[in-house]
Amino acid sequence: MALVSAAPFLSLLNEPGDYTLKEYALKSLNDSVNNHWAEIANSLDTLEQLWEDTQFPSRQLAALVVSKCYYNLGDYDQSVNYALLAGPAFDINEKSQYVEQTVSRCIAQYTEAQAAAYHGKGEPADHRLSAIFEQMLHKCQDDKLALGLALETYRLDVIRSVLNRSPQLVSYVLGVANQVVSSPTFRTEVLNALVEVLMDVTAPQNPEPYYVAFRIVVQLNDTKLAVRLLDHLVSQGLDLVAYQGAFDLVSSAHQQFLVDVAKDVQDAKVKMILSGVPSCDLDLTFLYKNNAADVGILNRTKDLLEGRSSIFHSAVTFANAYMHAGTTDDSFFRKNLEWLGKATNWSKFSATAALGVIHKGNLSHGRTILRPYLPPGAGGSAQGAAAATGAYTRGGSLFALGLIFSGHGKEVLDYLKHFIDDHGNAAGTSDTDVMLHGACLGAGVAGMGCRSVELYEALKVVLYSDSAVSGQAAGIAMGLVMSGSGSEEATQDMLTYAKETQHEHIIRGLAIGVALLQFGRMSGADAAIEDMLSQESSILRYGGAFTLALAYCGTGDNGAIQKLLHLAVSDPSDDVRRAAVLGLGFVLVRDHTQAPQLVRLLSQSHNPHVRYGAAMALGIAGAGKAHAEALAIVEPLSRDPVDFVRQAAHMASALILIQQTETTFPTVTKYTKNYVSTIKAKHEDALAKFGATLAQGIIDAGGRNSTISLENAHTNTLNTPGVIGLALFCQSWYWFPMAHFLSLSFAPTTVIGVTSDLKAPKAFDVVCHCKPEVFVYPSKVEENKEQKESKFATAVLSTTAKHKRRQRKDSAVSVSSVPSAPTTTDVAPTSSAPTANEEKEEKDKEQLVLPKHTKDSYRIANLTRVVPLQVQYIGADANNRFQPVRKLKSAMGGVVVLTDSTPDEPKESIKTVRQLYITEAPVPEPFTLEDEDEEA
């Protein structure tokens, strides 16, 4: 029978001296408190006195009733407090909303107390909170849930305990730790614990955990651990696993890390891999052999844009550099020397620097190719000095040298530094400034992340000369060299000088340099961020927005997003607002689906700078992702009334749609046609045409064999050069030559199989389980199709038309009478459409290239294109002589080490570019640029 009123039991609580009646009353009230809490609330004082009576045997039950009463009253803090006082009387196994809510609040309080205690800002959690936490852990049947609780509460002991019984969850912990744990110190402790678990459980027959260990090594940036892991693998006879790990390190770790590991590791072949030479040579070979760049696009754009306009000349230069990035194909320049000769001053600087993008990664012959253009003090010859007397050509070649050796600059840093040392004190003259500008940018990109104090000091000498042109490049280069270090001394040096100098160019260079220096530092960069955002100088606040974006890049941190949004709507400077919105893209690079929701309203702002930032934010966050929702926001901006907003929309759409075809993303053709129509439009603004031209180069980057990659697929870490390259590309708003830095974000899309001798066997191929036409290259434009319109229509006589029809008829008869397929020497084609015989030939060729493909699968040869979307369809053939040491899908492209089931049998390997240069190909002859004016 339901209790009608609690009054009788409440009256028993006032009976003097008889604890038995009071215990009975409490038990009844505990069962009915949810129904009669309003009555019981009037006797809270009496219940609390029972708890305070140390002689009362059921005082914990009294505390429980008080807790439930406060819960119904909505005073949750008091409810939790008395629940803790209730001790064992509070049963966490009870199925009620009261228990669920109270336990949740207890865990929240425990988490907060643990975080404060870990950071030395408070006492350890109350033992009663600890008891409830331990009970919840004991009750938890899901190890993943237990690990999540342990990560949030800084319980490393629990993490070790769970992983020892469930080591397969190491990858799960690794992923969650990067998203949940905000403390760099605790994250390091967790990662070290993961490595210990992996080293204990890994067996030779299952090397997969070793690859997880390499991912952790990169995140820890622990060179000693990397050496220990590599030497351990070699000593255990797992040489191939060590080689694979070394290739993964090369693709994801910064160059100083690789240098330090290579210095101490024992195995010679591992040292060779860590040098980066094999990876660069293989990537370069892939891009060289599979170059599918459509030069027709470049020629058409060049003809439509006036070459004497520096903005248009630079636009075509950048597009050509992007299209041929890493392919070593600079034939467009050599075939268009007259057009190239129209370049003047900084356009000439950009044109020469473009050679660095085109030959990026050509470590064996990069210096030889640039020698005719380099000044003698930087490795050039006397003959080269005569051929390239202009300071802009020399400065561009120094920048190009750095771009070629980006990420692997050990070979060129010494003489770039020597050039800076020799001329640093002479900064101020126009010619020297231009060359120092190129040398500083080249040294910065070649020495990115090397953290060389000597190089940093040399750049500082250039900075202190207080010359705007060279000082700007020095500020950026200082940030590149010290990128990610968070050096307090360097930060202080750079910010102090930025506040003292009067040159806006130098302030901007230093502001961006500090942003690079604080890359990935998260909370460690907060002091520098606050300092910059509090400055009166809008340029320093602009740098503060980029520092915030890069420090929290890829974290999705709510605090960082809120600060950027606040800047976007409140800062009085348009530059700062644009940078703040753009910065949202960097924070969300790992969660690009959130970007459209965040910037949708910003894309409709009345401020065009905010709209520009919104477009670029979507392009950055969704680079290479072909995200339809992002494009739905970007597409209307391509018709924006403001020219530079249209520019951003074109570039953003190209970033998003890179390597897409009509089959994978049907509307891609609409965007490529939009680029063409923008360039052709006579009354279109120059800035919009500039953006459309760059978009043509971006969408076909690396000969249509590269994508934009801001995250390392092998290690799930940020691609530092890629992110930094894109951040510096955004600075082309102020300084066009910065556009070349985008090449650092390009990543070849291929699966490259190599054996233990580090050679790529021709016999290795993979099976792609889809139709061959899904991932084919886009068709090339026909140059003859685009003809210039004449002002007057040409009159055609009827007799002329009859004569042409008769000629076509006779030609068709003669072709049909030829027994074999026609060749170009036999019959000149009368139209661009292929004949039936030609179509048959093309089909036969296709059958020859893909002889083993079925209706729904085909084979991909070694060192050919495999786009990211295609990876999910590929797999190894179990019958192949060569097998990858790990799953191809987990390899996500790049270099894959192979086992050889018959190593004693001969095998044919693919010749790399390095070998081709040595045995077959002559060094390209230099082309000469006309001397430019002495003044900038």
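Count residues from 1 along the sequence.
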Is the shortest heavy-atom distance from the side chain of [X] to the side chain of [Y] under 4.5 Å?
X      : Y      : answer
Arg541 : Pro572 : yes
Arg187 : Leu191 : yes
Leu73  : Leu44  : yes
Met494 : Met482 : no
Asp591 : Thr593 : yes
Leu47  : Trp51  : no
Phe214 : Leu230 : yes
Met532 : Leu495 : yes

Is atom [atom1] of [X] surrounded by more than 12 heavy atoms (other residues, nucleotides or ligands) closer than 6.0 Å?
X      : atom1 : answer
Gln492 : CD    : no
Lys460 : NZ    : yes
Glu489 : CD    : no
His566 : NE2   : no
Glu112 : CD    : no
Glu488 : CD    : no
Glu123 : CD    : no

With a 3.5 Å distance limit and no angle check, can you tell me whether [X] reaches the backbone of [Y] through a side-chain donor-acceptor pair?
X      : Y      : value
Asp231 : Gln266 : yes
Ser235 : His232 : yes
Ser251 : Asp248 : yes
His119 : Ala115 : yes
Arg59  : Glu52  : no
Thr501 : Tyr497 : no
Arg590 : Thr555 : no
Thr111 : Ile107 : yes
Asp53  : Gln49  : no
Ser452 : Leu455 : yes

So which heavy atom on [X] is nearest to which on [Y], and how close?
X      : Y      : value
Leu540 : Ala498 : CD2-CB, 3.9 Å
Ala528 : Gln518 : CB-NE2, 4.1 Å
Cys106 : Leu129 : O-CD2, 3.5 Å
Arg160 : Ala193 : NE-CB, 4.1 Å
Thr717 : Ser252 : OG1-CB, 4.2 Å
Met448 : Pro721 : SD-CA, 3.9 Å

Run the side-chain donor-acceptor check on residues 74-88: report pairs under 3.5 Å with partners two or more places apart or on a different chain.
from: Asp75; atom 1: OD1; to: Gln78; atom 2: N; distance (Å): 3.4
from: Ser79; atom 1: OG; to: Ser67; atom 2: O; distance (Å): 3.1
from: Ser79; atom 1: OG; to: Ser67; atom 2: OG; distance (Å): 3.3

Lys499: which residues meet the salt bridge (Lys or Arg N to Asp or Glu O under 4.0 Å) condition with it, sequence neighbours left out?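 Here the qualifying residues are Asp531.
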
Using the test salt bridge (Lys or Arg N to Asp or Glu O under 4.0 Å), find all partners of Glu152 that sit at least two apart in sequence or belong to another chain.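 Applying salt bridge (Lys or Arg N to Asp or Glu O under 4.0 Å) to Glu152 gives none.
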
Walk me through it: do Phe519 and Thr720 pass the test side-chain contact (heavy atoms from CB on, under 4.5 Å)? CA-CA 8 Å; Phe519 174 75; Thr720 301; 3.5 Å; yes

For the pair Asp526 and Ser523, evaluate side-chain contact (heavy atoms from CB on, under 4.5 Å) and give the outcome as yes or no after the intermediate values. CA-CA 5 Å; Asp526 286 348; Ser523 59; 3.8 Å; yes

Option passing side chain to side chain contact (heavy atoms under 4.5 Å, CB included) with Leu728 (candidates Leu480, Leu744, Val445):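 It is Leu480; the other options fail the test.
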
Regarding [X] and [Y], is there a side-chain donor-to-acceptor distance under 3.5 Å anywhere?
X      : Y      : value
Tyr552 : Asn558 : no
Ser538 : Asp575 : no
Gln256 : Asp260 : yes

For Lys224, is there an ion pair with Asp222 - N to carboxylate O distance below 4.0 angstrom?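 A salt bridge is absent here (no side-chain N lies under 4.0 Å from a carboxylate O).
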
Find the distance between [atom1] ([X]) and [atom2] ([Y]) and round it off to the nearest 0.5 Å.
X      : Y      : atom1 : atom2 : answer
Leu156 : Leu151 : CG    : CG    : 9.0 Å
Ile92  : Thr102 : CD1   : OG1   : 12.0 Å
Asp91  : Leu64  : CG    : CG    : 9.5 Å
Ile476 : Ile506 : CD1   : CD1   : 11.5 Å
Leu249 : Phe257 : CG    : CZ    : 5.5 Å
Leu618 : Leu582 : CG    : CG    : 10.0 Å

Could you walk me through whether Phe586 and Leu564 satisfy the side-chain contact (heavy atoms from CB on, under 4.5 Å) test, starting with their C-alpha distance in whole Å, then the side-chain angles of each, then the deciding distance to 0.1 Å, before giving a yes or no? CA-CA 11 Å; Phe586 287 104; Leu564 289 170; over 6 Å; no

Would you check if the distance from the ring center of Tyr542 to the ring center of Phe546 is below 6.0 Å?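 Here the rings of Phe546 and Tyr542 have centres that are less than 6.0 Å from each other.
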
Suppose we screen for side chain to side chain contact (heavy atoms under 4.5 Å, CB included). Which residues come up paired with Gln101, at least two apart in sequence or across chains?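 Once residues adjacent in sequence are excluded, the partners of Gln101 under the side chain to side chain contact (heavy atoms under 4.5 Å, CB included) criterion are Tyr71, Gln97, Arg105.
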
Tell me, with the steps shown, if Tyr98 and Val33 meet side-chain contact (heavy atoms from CB on, under 4.5 Å). CA-CA 11 Å; Tyr98 158 73; Val33 68; over 6 Å; no

Using the ring-ring contact (aromatic ring centres under 6.0 Å, His included) criterion, which residues pair with Phe133? Sequence neighbours excluded.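 By the ring-ring contact (aromatic ring centres under 6.0 Å, His included) rule, Phe133 matches Tyr110.
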
Which pairs, with at least one residue in residues 162-189 and sequence neighbours excluded, count as a ring-ring contact (aromatic ring centres under 6.0 Å, His included)?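 Non-adjacent pairs meeting ring-ring contact (aromatic ring centres under 6.0 Å, His included): Tyr118-Phe186, Tyr154-Phe186.
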
